[in-house]
Amino acid sequence: METNQHIKTLKTAVEITLYLLAVGLIVLFGIAGVDKVTNLSTFQEGLKNSPFVPVWAAWLVAYAVIASFFAIAILLLIGFWKDRIMEVGLWLATGLLLIFTLYIAAIVTGITYKPCTCIGLDEKLGLSWGAHLLLDGALLAVVWLTTLLNYAYKILFAIGEASS
């Protein structure tokens, strides 16, 4: 009986942590999406100057990134009620943050071009590109942790149901 109580307590702790992290990610992707929409012309101009994006595709990439931000935020929000949707949102968030982290790593390793405002972190917080890379790496770690917690929650839920 005591083990069952420990599992329930652990399940509750994992659930609360998972939901708090998911809310943080919803806010992060929501703010990033709103920032890109409100600064769309600056974002597109930055992409036009990117060595990785052809000039003709800047508008397409800009809208795809914005749509991705909002789609991830919506999927994570729906995920509070539909666990499988949470999983999809977390994996998409991981992929997008991995792409951004690799992009910034390429900039740090020698590209002299400054691509975009990245929700203004460089101006608002005075972040260098090296610090921006560390921040993106930390955010990527948070998304991976949240994904692992989501799987841990599923396992604990299955154990809790089996022992009831």
Side-chain angles (χ1 to χ4, degrees), residues 10-40 43-44 46-47 50-54 57-111 113-122 124-125 127-159:
L10 182 59
K11 179 184 168 206
T12 301
V14 169
E15 183 178 37
I16 291 168
T17 304
L18 173 64
Y19 288 156
L20 288 173
L21 288 169
V23 166
L25 293 171
I26 290 166
V27 170
L28 173 72
F29 283 100
I31 288 172
V34 168
D35 180 75
K36 294 301 183 199
V37 167
T38 58
N39 298 305
L40 184 59
F43 182 43
Q44 286 179 327
L47 289 171
S50 171
F52 303 113
V53 178
W59 70 272
L60 180 63
V61 172
Y63 285 106
V65 167
I66 291 167
S68 297
F69 284 148
F70 289 127
I72 289 168
I74 290 167
L75 288 170
L76 293 174
L77 185 61
I78 294 170
F80 285 114
W81 297 275
K82 302 282 186 183
D83 186 55
R84 179 72 178 131
I85 302 296
M86 175 73 76
E87 187 177 331
V88 170
L90 289 170
W91 280 113
L92 289 173
T94 300
L96 193 60
L97 279 170
L98 181 61
I99 290 168
F100 291 159
T101 303
L102 292 172
Y103 187 79
I104 293 170
I107 291 165
V108 168
T109 58
I111 295 174
Y113 160 74
K114 180 183 170 193
C116 65
T117 60
C118 298
I119 67 173
L121 291 178
D122 50 340
K124 292 175 188 166
L125 300 178
L127 291 182
S128 68
W129 283 105
H132 200 302
L133 178 61
L134 290 175
L135 176 63
D136 270 33
L139 290 172
L140 185 57
V142 167
V143 173
W144 279 338
L145 171 66
T146 308
T147 304
L148 289 174
L149 279 174
N150 190 48
Y151 285 117
Y153 179 74
K154 287 180 184 181
I155 291 167
L156 289 169
F157 184 77
I159 291 171

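With rounding to the nearest 0.5 angstrom, the OH atom of Tyr19 is 8.5 Å from the CG atom of Asn150. With values rounded to the nearest 0.5 angstrom, Thr101 atom OG1 is found 9.0 Å from Leu135 atom CG. A distance of 11.0 Å separates CG of Leu97 from CG of Leu92, quoted to the nearest 0.5 Å. Rounded to the nearest 0.5 Å, atoms CG (Leu77) and CD1 (Ile72) are 13.5 Å apart. We find the CG-CZ distance between Leu140 and Phe100 to be 12.0 Å, quoted to the nearest 0.5 Å. Annotation: the span from Leu76 atom CG to Leu21 atom CG amounts to 11.0 Å, rounded to 0.5 Å.
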Apply side-chain contact (heavy atoms from CB on, under 4.5 Å) to the pair Leu47 and Val65, showing each step before the final yes or no. CA-CA 11 Å; Leu47 289 171; Val65 167; 5.7 Å; no
side-chain contact (heavy atoms from CB on, under 4.5 Å) between Phe80 and Val23: does it pass, once the steps are laid out? CA-CA 10 Å; Phe80 285 114; Val23 166; 3.6 Å; yes
Using side-chain contact (heavy atoms from CB on, under 4.5 Å), reason through Leu40 and Lys36 one step at a time and then give a plain yes or no. CA-CA 5 Å; Leu40 184 59; Lys36 294 301 183 199; 6.0 Å; no
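Closest of all the heavy-atom pairs between Tyr103 and Ser50 is OH-OG, 2.9 Å. Nearest heavy-atom pair across Val14 and Leu149 is CG1-O, 3.6 Å.
In the displayed structure, Lys154 atom NZ is contacted under 6.0 Å by more than 12 heavy atoms of other residues, nucleotides or ligands.
A ring-centre distance under 6.0 Å is not found for Phe70 and Phe29.
Tyr151 pairs by the side-chain hydrogen bond (donor to acceptor under 3.5 Å, both in side chains) definition with Glu87, Trp91, not counting sequence neighbours.
Without hydrogens or angle criteria, Asn39 side chain to Asp35 main chain gives a donor-acceptor distance under 3.5 Å.
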